[in-house]
Amino acid sequence: MFFKTETIVGIFIIVATGIFLYMSYQVGSFRFDRIKYNSYSVYFDDISGVNKKSDVKISGVKVGWVDAVELVSDGQQVRATLLINKKYVLHDDAYAIVRQEGFLGGKYLELVPGSPTMPTLPAGGMITRPSQSPVVIDQLLHQFQAIATNVESITKSFSHVLGGDNGALRLNDLIENMQAAAQHIASFSASLENIMKNNETTINGIFTDLQGTLRDIQAELPRLSNNLQFNADRISSILDRDFNRVATQLEGGMAPIKDIAEKISSGKGILGQLISDDGAYQDLRVAINGVKQYFDKVDKIGIIFDVYTESMSDRIEGKMLRNGKGYFNLRIHPAEDYFYLAGLVAAQSGFIERYEKHRVWFDDKCRELVPGDLNLDDDHKLKYAPVKRVQKRYLDSILFNLQIGKIFNRIAFRAGMFESTGGVAVDVDIPLNKNRIRWVTSLEMFDMTGRQRFADDRPHLKWLNKMFFTENLYFTFGADDFISRHNKNAFVGMGIRFADDDVKYLLSSINFAG
């Protein structure tokens, strides 16, 4: 027993619609997995870079997401509402930290669950322990200004202690004396090394006689004490003389440092202007804030890559042509509630090119006539070239998508180019009572006048379903061109969808060094 294509497509649509209604009935709440999560509140002074739907992790493992972010206390604080999987228990001393995934990664909340010895924090509770906000560039600038002020104070102190007109000359003398002392030390070390090598054989004898020598020294100790006292007085006078000379030279050598400190204090040079000129500091602060805001906007842009196939169950155009399609779409989300979509479509059916050769009139002498010169008298025999209409289908061609979309909660509307023709579409994200399964159904209408079909001027209506069985993988099914006279069809296929965070993770795991 054989069924017509219309019957098969009708049964398929009825079954899929039944599945759609059943799963919609099974929805327990507006967010399909909310029932498995507990809600908590946490407060920050600054939560820059963390937005709604940002990840919440414990020890690097994702355990939930940020459900809402709002200002409280007249803008003095930020309250973030977190949804955490019920199998993870928080305690009264739990707290959150704003972290970033690598240098280019997005920001997320790292949650420290607290000590197991503390009481358990109930669902819907507030995390009272102060959370750690991200480091702000302005704070670093203020610390840098404080450090520069301390450096200026230190240089002024050196200037007062070691200043003088002959400082450069004295500093030069100090360096020369230090070089001479280093040369003497090197010479002494070389002499000592030679002595040790030449007398190595007698060292053992010296140690043997050491005990007797010590007894002799003990006997001569009174005389040695007198000699040492004399030598100590002499050494003390030499040290006093050399120290005064070194101090004088060092005092003169600080003159260049004093000049640098005076220039900074008077506002000369880049560092002096930055420290003394409040306007320069404010300009630098504004510039840094501008760069920070730019990178914040770039960080908020979301990119989604979507690749899937559609394999048709039957032939089209009077059973003459087998059709199948492959899609590569790129969705860019500048904000959470709207997006841009651009993509390529590889279609077996390709596209149709139409053109027409118009009728041209000639007289009996084969001269071309314009409509105003036509004369239908019997005396003139008219000839004409017949009209020719040509329609060609280019198979295995590449079409394109270029659309803009607006999101209203779980419903999104799209408009633009669908498979190289104008159209509109609506997408519905259907929540399910499953942890990982997700269903997105779409209704698209394009090719309003049937330009991509032969002898069929009805709009192209398409029902597309994406059933996710993992976070990134899904299979497709639906009905294509289901109101067409000759092209109605059912299809199935597979797809993969991943975001820019997945791409960053993949690139970071590749060893480019070879």
Side-chain angles (χ1 to χ4, degrees), residues 2-13 16 306-330 341-360 384-404 414-427 442-466 475-496:
F2 297 96
F3 293 98
K4 293 183 178 180
T5 303
E6 293 84 351
T7 305
I8 296 175
V9 174
I11 293 174
F12 183 83
I13 293 176
D306 193 6
V307 182
Y308 62 95
T309 62
E310 295 175 0
S311 179
M312 304 301 172
S313 63
D314 202 356
R315 294 177 178 270
I316 62 174
E317 295 183 356
K319 312 299 182 182
M320 295 295 293
L321 179 63
R322 173 71 68 180
N323 195 15
K325 300 177 182 179
Y327 294 81
F328 175 79
N329 290 327
L330 175 66
L341 185 148
L344 300 176
V345 183
Q348 283 183 275
S349 59
F351 66 94
I352 296 176
E353 183 182 77
R354 293 180 173 88
Y355 60 92
E356 182 178 278
K357 294 181 178 179
H358 295 280
R359 180 177 301 179
V360 181
Y384 65 91
V387 175
K388 292 183 180 180
R389 292 184 176 88
V390 180
Q391 300 181 98
K392 292 183 180 180
R393 180 179 287 279
Y394 293 88
L395 302 177
D396 299 321
S397 300
I398 301 295
L399 311 177
F400 66 90
N401 293 329
L402 188 60
Q403 305 161 20
I404 184 172
R414 292 180 283 132
M417 301 299 293
F418 293 75
E419 300 182 17
S420 300
T421 62
V424 294
V426 59
D427 305 317
S442 304
L443 181 63
E444 299 178 351
M445 182 173 64
F446 54 94
D447 192 12
M448 304 299 184
T449 59
R451 291 183 56 84
Q452 303 296 357
R453 289 165 293 175
F454 290 131
D456 194 344
D457 57 357
R458 298 180 182 182
H460 189 138
L461 290 182
K462 178 179 178 181
W463 182 39
L464 171 63
N465 296 273
K466 297 181 180 179
F475 66 87
T476 61
F477 66 92
D480 184 62
D481 207 2
F482 54 83
I483 66 170
S484 172
R485 295 186 180 92
H486 311 293
N487 300 324
K488 55 179 65 68
N489 230 316
F491 65 85
V492 293
M494 295 291 296
I496 181 172

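On a predicted model such as this, the values are computed, not experimentally measured, just so you know.
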Carboxylate-amine/guanidinium proximity below 4.0 Å for Asp481 and Lys462: no
Smallest separation among heavy atoms of Leu402 and Ala342, with atom names: CD1-CB, 4.1 Å
Students often mix this up, so state it plainly: with edges at 30° and 60°, are the rings of Phe446 and Phe418 parallel, tilted or perpendicular? parallel
Please work out whether the ring planes of Trp463 and Phe477 are parallel, tilted or perpendicular, with thresholds of 30° and 60°. perpendicular
Which residues satisfy the side chain to side chain donor-acceptor pair (under 3.5 Å) test with Asp447, sequence neighbours excluded? none
Rounded to the nearest 0.5 Å, how far does CD1 of Ile483 lie from CE of Met445? 8.5 Å
To the nearest 0.5 Å, atom CG of Asn401 lies from atom CG of Leu330 at 11.5 Å
Is the number of heavy atoms from other residues, nucleotides or ligands within 6.0 Å of CZ (Arg451) greater than 12? no
Within this structure, what is the CG-CD1 distance for the pair Leu344 and Ile398, rounded to the nearest 0.5 Å? 6.5 Å
With sequence neighbours excluded, tell me which residues meet side chain to side chain donor-acceptor pair (under 3.5 Å) with Asp457. none
Listed by chain and number, what are the ring-ring contact (aromatic ring centres under 6.0 Å, His included) partners of Phe482, not counting sequence neighbours? none
Looking only at non-hydrogen atoms, find the nearest pair between Gly343 and Asn329 and report the distance. CA-OD1, 3.5 Å
My understanding is that only residues two or more places apart in sequence, or in another chain, count here; which of them pass ring-ring contact (aromatic ring centres under 6.0 Å, His included) with Tyr327? Tyr308
The reported gap from OG in Ser484 to CZ in Arg453 (rounded to nearest 0.5 angstrom) is 5.0 Å
Spacing of NE2 belonging to His460 relative to CD belonging to Glu419, to within rounding of 0.5 Å: 6.0 Å
Show your working on side chain to side chain donor-acceptor pair (under 3.5 Å) between Thr476 and Asn465 and close with a plain yes or no. CA-CA 5 Å; Thr476 61; Asn465 296 273; over 6 Å; no
Taking side chain to side chain donor-acceptor pair (under 3.5 Å) as the test, write out the residues that go with Asn323, two or more places apart. Ser349
For Lys488, which residues count as a side chain to side chain donor-acceptor pair (under 3.5 Å) partner, sequence neighbours excluded? none
Taking atom CG of Leu395 and atom CG of Leu321, what is their separation to the nearest 0.5 Å? 6.0 Å
Got a salt bridge between Asp306 and Lys466, using NZ or NE/NH1/NH2 to carboxylate O under 4.0 Å? yes
All heavy atoms of Arg322 vs all of Arg315, minimum pair found to be N-NH1, 3.8 Å
